[in-house]
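Given the structure is predicted, the values throughout are model-derived calculations rather than measurements. Counting convention: from 1, in listed order, for ligands and their atoms alike.
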Amino acid sequence: MKLLHLGDLHLGKYLREFDLIDDQKYILDQILKLIDKESVDAVLIAGDVYDRSNPGEAAIRLLDSFLSELSARNVQTFMISGNHDSDDRLNYGSWVFEKQKIYISAVFKGTIDHHGIKIGDAEAEIYLLPFIKASQVRYFYPEEEINTYEDAVRVAIEHTDIDDSKCNILIAHQFVTDNGRDPNLGGSEGVAAQNVGTVERISSSVFDRFDYVALGHIHSPQEVGRKEVRYSGSPLKYSVSEVNGKKTVPLITIDSNNAVSIEEITLVPRRDFRHITGTMKELLAKENVEAPDDYIYATLTDEDPISDVMSIFQQTYPNTVKIDYDNSHTRAEANVEIAGTENKKTFDELISDFYKQIYGNDISEEEIALMRMVAREAGVIHEAD
Ligand SMILES: [Mn+2]
């Protein structure tokens, strides 16, 4: 039996001003081709199906056609909601869809929904745990001590009847750590690691009873704690910070002895999202331009800012997403910023230090007065500073 693990589709997402719906359609078509090629029996979708709780028509149509294509192939679908989805909207029609072997769990009802799947000699039980918070589980079990998301998931598992002799597969959408070690964020999750409270972190060990855990929430593909507990990652790069990553999708095979094996398959997008670095002249030189339809993040090493640089770039690379500079000025600024945050120095002290670092001698009274005036005009400091 073969299962394909997907997550964080974020249908309807924009990359800055660029609507990604055509790229999403393309990648779902690639996934359907992969399903045909590998004779996949079931697809697991681990939440954040849509980018927003109130998805647009194009996103709804895209999910509709993807599910229809799966159903037409007799591929079973198991889908949960993530933190970006509206539970009730995603749950719409779910009991009707079950007749087509499309299983959706978007609303937590006290125990974890599960469905058996048997293909040839291989059998598995698929558990669907939608994104839950501590309060949602506390509501069902007021007598239990539930303070953290980990408590919530543990209690939900404890109250669900699980036959350990079977091959048990869980689909979940949570922030899962390996013994306190955070997963590597893609950057487009809508959560910053420093904002994730200890309350929300869940240790991968709560999933020890499961033979495979199909996770959603983190957009970089990776395992957490052991290779059978895994984030599929998003199928496309959804953030500038993901330009250097690669998108893969886990294909899980379960044999007749219930043994699980995992293969990571690379996804090739219609347009990649790439980071290029150099002077504008180098980057836009004909011989250096390749795949001009790709999404581009350009870092310019030119010493002076170039006016209207975005429109110049977009004549060659129409899908330029971001342009920044890496030159002596930006590096100096970065140094000042670091010094400033570390020591909370005054403006005068920062400028004096910086001056000394660059020129090797102290800044004069006249020069510092000039710097103060410029900084005030630029809005960096105010009269009171
Ligand atoms: Mn997500």
Checklist entry - For Asp182 and Arg201, what are the C-alpha separation, side-chain angles and deciding distance, and is it a salt bridge (Lys or Arg N to Asp or Glu O under 4.0 Å)? => result CA-CA 8 Å; Asp182 280 351; Arg201 288 180 160 84; 2.6 Å; yes

Checklist outcome for this item: The expected count of protein N/O/S atoms at less than 2.8 Å from the Mn ion (ligand 1) is 4

Checklist entry - Can you tell which of Leu251, Leu44, Ile265, Ile45 makes a side-chain contact (heavy atoms from CB on, under 4.5 Å) with Leu4? => result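 Only one option passes, and that is Leu251.
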
Next on the checklist: I'd like to know if Arg138 pairs up with Asp151 as an ion pair, taking the criterion as any Lys NZ or Arg NE/NH1/NH2 lying under 4.0 Å from an Asp or Glu carboxylate oxygen.
Outcome noted: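 The answer is no: the pair does not qualify as a salt bridge.
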
Checklist entry - Side chains of Asp326 and Thr299: do they bring a donor and an acceptor to under 3.5 Å? => result no

Item to check | Atom CZ of Arg331: over 12 foreign heavy atoms under 6.0 Å | outcome: yes

Checklist entry - What side chain to side chain donor-acceptor pair (under 3.5 Å) pairs are there with at least one residue in residues 93-114, not counting sequence neighbours? => result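 Qualifying pairs: Ser105-Asp113, Lys109-Asp113, His114-Glu125.
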
